[in-house]
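So you know, we letter chains A, B, ... as the sequences are listed, proteins then strands, and number each from 1.
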2 protein chains.
Amino acid sequence: MSAVKRKPRQPVAGRKRLDIRDVAHHARVSIATVSRTINRVPTVDQELAKRVWKAIEELNYFPNTQARALVSGRSHLMGLLISEITNPFFPELIQGFEEIAVKNGYEILIGSTSYDLERMDTCIRRMLERNVDGVAVMTFGIEEPLLEEFASRNIPMVFVDSGPPSPLVSALVVNYRHGIREGVQHLAALGHRHLGFISGPLQQRSCQLRKAAFLDCCAEIGLKPLDAWLVEGDHTLEGGMRAMERLLAAKEHPTAVMCSNDMTAIGALRVLSHKGMNVPEDLSIIGFDDIHLAEFVHPPLTTVRMSRTDLARAAFEALRSHIEKPDQPALPSRYPVTTRLTVRQSTSYPPGVSISNGKRTVTRKRKTAAK
Amino acid sequence: MSAVKRKPRQPVAGRKRLDIRDVAHHARVSIATVSRTINRVPTVDQELAKRVWKAIEELNYFPNTQARALVSGRSHLMGLLISEITNPFFPELIQGFEEIAVKNGYEILIGSTSYDLERMDTCIRRMLERNVDGVAVMTFGIEEPLLEEFASRNIPMVFVDSGPPSPLVSALVVNYRHGIREGVQHLAALGHRHLGFISGPLQQRSCQLRKAAFLDCCAEIGLKPLDAWLVEGDHTLEGGMRAMERLLAAKEHPTAVMCSNDMTAIGALRVLSHKGMNVPEDLSIIGFDDIHLAEFVHPPLTTVRMSRTDLARAAFEALRSHIEKPDQPALPSRYPVTTRLTVRQSTSYPPGVSISNGKRTVTRKRKTAAK
DNA sequence: TTGAAAGCGCTAACAA
DNA sequence: TTGTTAGCGCTTTCAA
């Protein structure tokens, strides 16, 4: 009952921050009013609000996020689960996500799974412990049962291409077909009839979709790639090299190869260059993603662009609407993201077809002229 | 006085997590004992501890980080301030830092400044708001007065190459000279006398140091590069291209060029390839960093390796010792990080010197043979 | 419209 | 060795 005098706890040496009481005192109002002002509750008197803001300004106060999170049950933290931070696609995605998240008052917790179950588990645990308000699963199709942990706690998620159906889960639906069709038709228009495809790891849903889109788009125009021209890579540069070597080992090889991502394409380019083959004269290559680097390889890569900014924005918005309007009846649960071809210099006529179907065609220069 | 019955607040629909009380109840002990058990306070009875762990296991309980942070004053969050997440050097650094941080119970908050003062300010504010326990400033020498915000709050910091002197600040001291000397002497041993250098942005301390090390190492062996051979880049691929073009515009150009980072070197390689010049036959190139990509450009890049893992580990340890042993009298405040040359295929004899000083030398193949 | 006060889940001081 | 309890800084209910 009686207030026993205790020595006040000082958590870490001298690290005492200003708190809401200091502001309240300075502005001669109650802490409740300060809280309401900060949270822009409309019923606060103009005059008082002004005093509060002035005090905040003068003291350079900002609220303690942990306390806020503790009491409100919202951490303003979003988990961002990616495959591999060293794949250049992801930093670009992170950048986009971070930008929009920060602008809207969220912080992000990045988890890099490296396609490893145990790491995935650690990432999920970290996110659970930090109480993320939502999770963007940008691993492109490794949907683990592990993710049930989020679902069972009613933590919203957003997936790419897939994801368990649930009221709190949305999906970014990437229209691979659009860009891939442009790519296939671009090759066909150049005269290619022998197309190959280096896929990503086929246990990933997204990689299956890309490959299927490629095959369908070929079929649409009556093309049927040989089995030996369909090789599985792993979305790394090294994997791309290995895959291209396998492709070239076939008795006949295609005159154009589409790759499931740009790193794969860059690996393919390396192998061709090592073997003394010229791109696009001897073989055309198309990538996928349009990472920054794509423009700077030799030759600059023709590729299907999937915008990181679009992806990041859609993922963020999907999560935000679930978090902030949890009882909205009809939230969109599918967010479309499109893809489109960017033509650069890794594609041209197939060998020996530079004058075909009556059109006079200009042969490309071997070396790009220096500007 | 009287306990008024209130409707218990339910923060977010159904998101009720288990708390320490549930565990206490389940294990038939007090919450204090649960807390002590979790925090491994040695005075807990073995028997009780066992019961507590069992309860934790059975309930799949884990503590609420925000509550812990609030009461302990420690967020177990470290800020990681980098320049540009899309520069491949940084994801590799982040990966290393994240790995060691997570293993030790810390989470990281990444701030990408993009060399922009305003963004830097935002990053600092975010870190302050989230109450980071320490900050690793890996921007390589943009020390802003803004960082005073941390110092004035007694938040430990670690810098690369520099940083304001203070008891809570440590510095990673990179021995640029070691690797750069190896590079310069490697070139000299091959017969090069005309060396150029493409620096990074010279307002960065780290870039000044690299350039100075290069010049000193040249001087050591009696070499003095022409002014026209010392060009400033900006550590991007595009910047490297521009810089190399400027270098080639000089009346005479050097026979070997060292670059302040690998992206710059890769840009330089591009330009040379566009101009039809062969590396290393016409010009040798050395990079700096040894990013993953360095091995995969054409030709594979000879470069000075600065280990991201070493850097990350040193930064983490520096912060951790300040955070966890704040009153340790003699903490190391300088952590050495070394660099060393990795020889690949972008360096060779200067043109026309392939048979020199009596040694018979093998001319390199133009194309690397395919394996 | 405002203020007092009850917690959010936890740690740690103190009492037993 | 264990339990009781006062806060950590904030939001929000309730009463005024």
Trainee: Could you tell me which non-hydrogen atom of Ala24(A) sits nearest to which non-hydrogen atom of Ser30(A), and how far apart they are?
Mentor: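 Minimum heavy-atom separation between Ala24(A) and Ser30(A): CB-C, 3.8 Å.
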Trainee: Give the angle between the helix axes at the two ends of the helix from dT1(C)-dA16(D) to dA16(C)-dT1(D), taking five base pairs at each end and rounding to 10°.
Mentor: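 Axis angle across the helix from dT1(C)-dA16(D) to dA16(C)-dT1(D), nearest 10°: 40°.
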Trainee: Quick test of your reading: applying ring-ring contact (aromatic ring centres under 6.0 Å, His included), list the pairs with at least one residue in residues 102-135 of chain B, sequence neighbours left out, ordered by first then second residue.
Mentor: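 Those involving residues 102-135 of chain B are His76(B)-Tyr106(B), Tyr106(B)-Phe316(B).
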Trainee: If I take atom CZ in residue Arg130(B) and atom P in nucleotide dG9(D), what distance separates them, rounded to the nearest angstrom?
Mentor: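 Taking CZ of Arg130(B) and P of dG9(D), I get 17 Å after rounding.
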Trainee: Any pair with a residue in residues 22-60 of chain A that passes ring-ring contact (aromatic ring centres under 6.0 Å, His included), sequence neighbours left out, goes on the list, sorted by first then second residue, please.
Mentor: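 Not a single pair qualifies under ring-ring contact (aromatic ring centres under 6.0 Å, His included).
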Trainee: Who pairs with Arg313(A) by side-chain contact (heavy atoms from CB on, under 4.5 Å), at least two apart in sequence or on another chain?
Mentor: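 For Arg313(A) the side-chain contact (heavy atoms from CB on, under 4.5 Å) partners, ignoring immediate neighbours, are Ile100(A), Thr309(A), Glu317(A).
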Trainee: If you take any heavy atom closer than 4.0 Å to DNA chain C, which residues from residues 53-69 of chain B end up in contact?
Mentor: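 Residues of residues 53-69 of chain B that come under 4.0 Å of DNA chain C are, in numerical order, Tyr61(B), Pro63(B), Asn64(B), Ala67(B), Arg68(B).
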Trainee: What is the distance, rounded to the nearest whole Å, between atom CZ of Arg74(A) and atom P of dC10(D)?
Mentor: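 That distance rounds to 19 Å.
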Trainee: Can you give me the closest heavy-atom contact between Val137(A) and Leu147(A), atom names plus distance?
Mentor: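 So the minimum-distance heavy-atom pair works out to CG1-CD1, 4.1 Å.
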Trainee: How close or far is atom P of dG9(C) from atom CG of Leu18(B), stated in whole angstroms?
Mentor: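 Computing the Leu18(B):CG to dG9(C):P distance gives 10 Å.
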Trainee: According to salt bridge (charged side-chain N to carboxylate O under 4.0 Å, His left out), does anything in residues 104-128 of chain A pair up with another residue at least two apart or in another chain? List the pairs.
Mentor: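 Qualifying pairs: Glu107(A)-Arg126(B), Arg119(A)-Glu99(B), Arg125(A)-Glu129(A), Arg126(A)-Glu98(B), Arg126(A)-Glu107(B).
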Trainee: Grab the CG-C1' distance between Asp19(B) and dT11(C) for me, whole Å please.
Mentor: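 Rounding to the nearest Å, CG of Asp19(B) and C1' of dT11(C) are 14 Å apart.
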Trainee: Roughly how many Å is it from CD1 in Ile20(B) to C1' in dC8(C), rounded to a whole number?
Mentor: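 Rounded to the whole Å, the gap is 13 Å.
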Trainee: Check DNA chain C against residues 39-49 of chain A and give the residues with a non-hydrogen atom under 4.0 Å, in numerical order.
Mentor: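 Within this stretch, Thr43(A), Val44(A), Asp45(A), Leu48(A) sit under 4.0 Å of the strand.
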Trainee: Lys54(B): which residues meet the salt bridge (Lys or Arg N to Asp or Glu O under 4.0 Å) condition with it, sequence neighbours left out?
Mentor: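 Partners of Lys54(B) under the salt bridge (Lys or Arg N to Asp or Glu O under 4.0 Å) test: Glu58(B).
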Trainee: Within residues 28-36 of chain A, which residues have any heavy atom lying less than 4.0 Å from an atom of DNA chain D?
Mentor: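 Here the set is Ile31(A), Ala32(A), Ser35(A), Arg36(A).
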Trainee: Can you find a pair of side-chain heavy atoms, one from Ile155(A) and one from Leu168(A), that are under 4.5 Å apart?
Mentor: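 Side chain of Ile155(A) against side chain of Leu168(A), heavy atoms only: no contact under 4.5 Å found.
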Trainee: So how far is it from Leu172(A) CG to Ser333(A) OG, rounded to the nearest 0.5 Å?
Mentor: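 If we round to the nearest 0.5 Å, Leu172(A):CG and Ser333(A):OG are 10.5 Å apart.
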Trainee: The criterion is side-chain contact (heavy atoms from CB on, under 4.5 Å); which residues satisfy it with Asn64(B), sequence neighbours excluded?
Mentor: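 Partners of Asn64(B) by the side-chain contact (heavy atoms from CB on, under 4.5 Å) criterion, ordered by chain and then number, come out as Leu70(A), Asn131(A), Arg17(B), Gln66(B), Ala67(B).
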Trainee: Taking atom P of dG9(C) as reference, at what distance in whole Å does atom CD of Glu129(A) sit?
Mentor: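 Rounded to the whole Å, the gap is 16 Å.
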Trainee: What is the distance from atom CD of Glu324(B) to atom CG of Asp133(B), rounded to the nearest 0.5 Å?
Mentor: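 So the CD of Glu324(B) and the CG of Asp133(B) are separated by 9.0 Å.
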Trainee: Tell me, please, which residues at least two apart from Arg28(A) pass side-chain contact (heavy atoms from CB on, under 4.5 Å).
Mentor: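 For Arg28(A), the residues satisfying side-chain contact (heavy atoms from CB on, under 4.5 Å) (neighbours in sequence not counted) are Arg51(A).
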Trainee: What is the distance from CD1 of Ile38(A) to C1' of dT12(D), rounded to the nearest Å?
Mentor: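 Interatomic distance, CD1 of Ile38(A) to C1' of dT12(D): 14 Å.
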Trainee: Can you list the residues that meet the side-chain contact (heavy atoms from CB on, under 4.5 Å) rule with Ala312(A), with sequence neighbours excluded?
Mentor: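 Ala312(A) satisfies side-chain contact (heavy atoms from CB on, under 4.5 Å) with Leu93(A), Phe97(A) only.
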Trainee: For the pair made of CZ in Arg21(A) and C1' in dG3(C), what is the distance, rounded to whole Å?
Mentor: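 Atom-to-atom, Arg21(A) to dG3(C), this comes out as 14 Å.
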